[in-house]
Amino acid sequence: MATLLDGKKIANEIQSEVAQRVLEYKNHNKRAPHLGIILIGEEGASNTYVNGKINACKAVGFEYTLLQFAVTITEGKLLKQIEQLNKDDDIDGFIVQLPLPKHISVDQITTLIDSKKDVDGFTNHNFGSIVSHQPLLLPATPFGVIELLKRYKVKTKGKHCVIVGASRIVGAPMSLIMVKQGQSTVTICHKFTRDLAEHTRRADILIVAVGEPGLITTDMVKSGAVVIDVGITRVPDTTKKSGFRLSGDVDFENIAPKCSFITPVPGGVGPLTIASLLLNTLKAYEQQYT
Ligand code: NAD
């Protein structure tokens, strides 16, 4: 049976470390780090993620400002808001919760965010810095994954890492992080990849970020592999009070007995993404304010 990569436990460790640093700054009469959060619309999942981020800020002693807008906000108004946050010396970093309404271009928004305040690590500048010797603010979810692997002392050097999903915020930066920080040999797969199983079966480390429950079945995983499931999908479930449960992309129940390490969903990568946001916000604060 695999060792469970307990994201919640590691996220709590990181929270305690960040809280300690914040306390030290406050003891030296410095203000607390301050995170801005832009939330657009009333979408249930986004609200849940933002609440998680706010609770994490409270737990470590950060200040936070939540800016909420109706789904009808124009791109122009949102861009103005971002310019204001870029100029605001009291805000060390900010995020724009995704997804955005269809009439707003994620690229336009991301291009305008000051990379020093880009604590989600979405800007081209921060993305590109993954391959430099001094990475800046790393994309939060891939940063969380590499931190999880490091803290569980999972060996990555020289291993074959197969990443399923090539998105701008997860799969693509994950592949560069595994090459540069993990020193792994990387294969990246996406929806046009032919014979996915042929690739995944060769993985020492399999990282899946697609959003398709049940995509990875037991026959697609090598015995002893490390399996990281980034996927989070709301699946209808009448036995739950909320009416849904969260599902990853990996058939956890059948794959866990044959691999060496595996992340659960929920409680795996999700909490680490929030922990990375805290680390990035602290870093942005230290670089701009202290
Ligand atoms: P996305 O839709 O932007 O990208 C999905 C990627 O999967 C694309 O590269 C696409 O080509 C690929 N893909 C689609 N179908 C495929 C298939 N059948 N076989 C192989 N590849 C396929 O999604 P995203 O924003 O990268 O998110 C992916 C998943 O990760 C979602 O479930 C999302 O909710 C989750 N996510 C979780 C966290 C977290 O904190 N745990 C953070 C971000 C995203």
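Quick caveat, the model's predicted, so the values are computed rather than measured. Indexing begins at 1, ligand by ligand and atom by atom, following the structure's order.
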Donor-acceptor contact present, side-chain [X] to main-chain [Y], <3.5 Å:
| X | Y | result |
| --- | --- | --- |
| N126 | L136 | no |
| T193 | L196 | no |
| N254 | T218 | no |
| E147 | L272 | no |
| K159 | I205 | no |

Give me the nearest non-hydrogen protein atom to [atom] as residue plus atom name, then the distance to 0.1 Å.
| atom | result |
| --- | --- |
| atom 19 (N) of ligand 1 | L196 CD2, 3.9 Å |
| atom 31 (C) of ligand 1 | G211 CA, 3.7 Å |
| atom 11 (O) of ligand 1 | K191 N, 3.0 Å |

* Chi angles and distances behind the salt bridge (charged side-chain N to carboxylate O under 4.0 Å, His left out) call for D237, R245 -> CA-CA 6 Å; D237 186 340; R245 67 189 150 79; 3.3 Å; yes
* To do: Please report the shortest heavy-atom distance between N86 and L112, naming the atom on each side.
  => ND2-O, 2.9 Å
* Structure fact -> Correct closest heavy-atom pair for A209 and V230 would be CB-CB, 3.8 Å
Backbone, side chain, both or neither: what part of [X] comes under 4.0 angstrom of ligand 1, heavy atoms only?
| X | answer |
| --- | --- |
| E212 | side chain |
| T193 | neither |
| L215 | side chain |

* Asked: Does the separation of the ring centres of F62 and Y285 fall below 6.0 angstrom?
  -> no
Nearest to [atom] by heavy atom, [options]: which?
| atom | options | answer |
| --- | --- | --- |
| atom 1 (P) of ligand 1 | P271, S167, P213 | S167 |
| atom 27 (O) of ligand 1 | T233, V170, V164, V106 | V170 |
| atom 34 (O) of ligand 1 | V265, I232, V269 | I232 |
| atom 36 (N) of ligand 1 | V210, V145, V208, V230 | V230 |

Sub-4.0 Å atoms of ligand 1 with respect to non-hydrogen atoms of [X]:
| X | answer |
| --- | --- |
| T273 | 39 (C), 40 (O) |
| T141 | 40 (O), 42 (C), 43 (C) |
| A166 | 6 (C), 8 (C), 9 (O) |
| G270 | 40 (O), 41 (N) |
| G165 | 6 (C), 7 (O), 9 (O), 12 (C) |
| H190 | 11 (O), 20 (C), 21 (N), 22 (C) |

* Asked: Is any side-chain N of the basic residue among R201 and D195 closer than 4.0 Å to the acidic one's carboxylate O?
  -> no
* Asked: Looking at R21 and E286, does any basic side-chain N land under 4.0 Å from a carboxylate oxygen?
  -> yes
* Go through the steps to decide whether K9 and L4 satisfy the test side chain to side chain contact (heavy atoms under 4.5 Å, CB included), and finish with yes or no. => CA-CA 11 Å; K9 179 175 146 249; L4 204 66; over 6 Å; no
Contact with ligand 1 for [X], non-hydrogen, under 4.0 angstrom:
| X | result |
| --- | --- |
| C189 | no |
| I169 | yes |
| G171 | no |

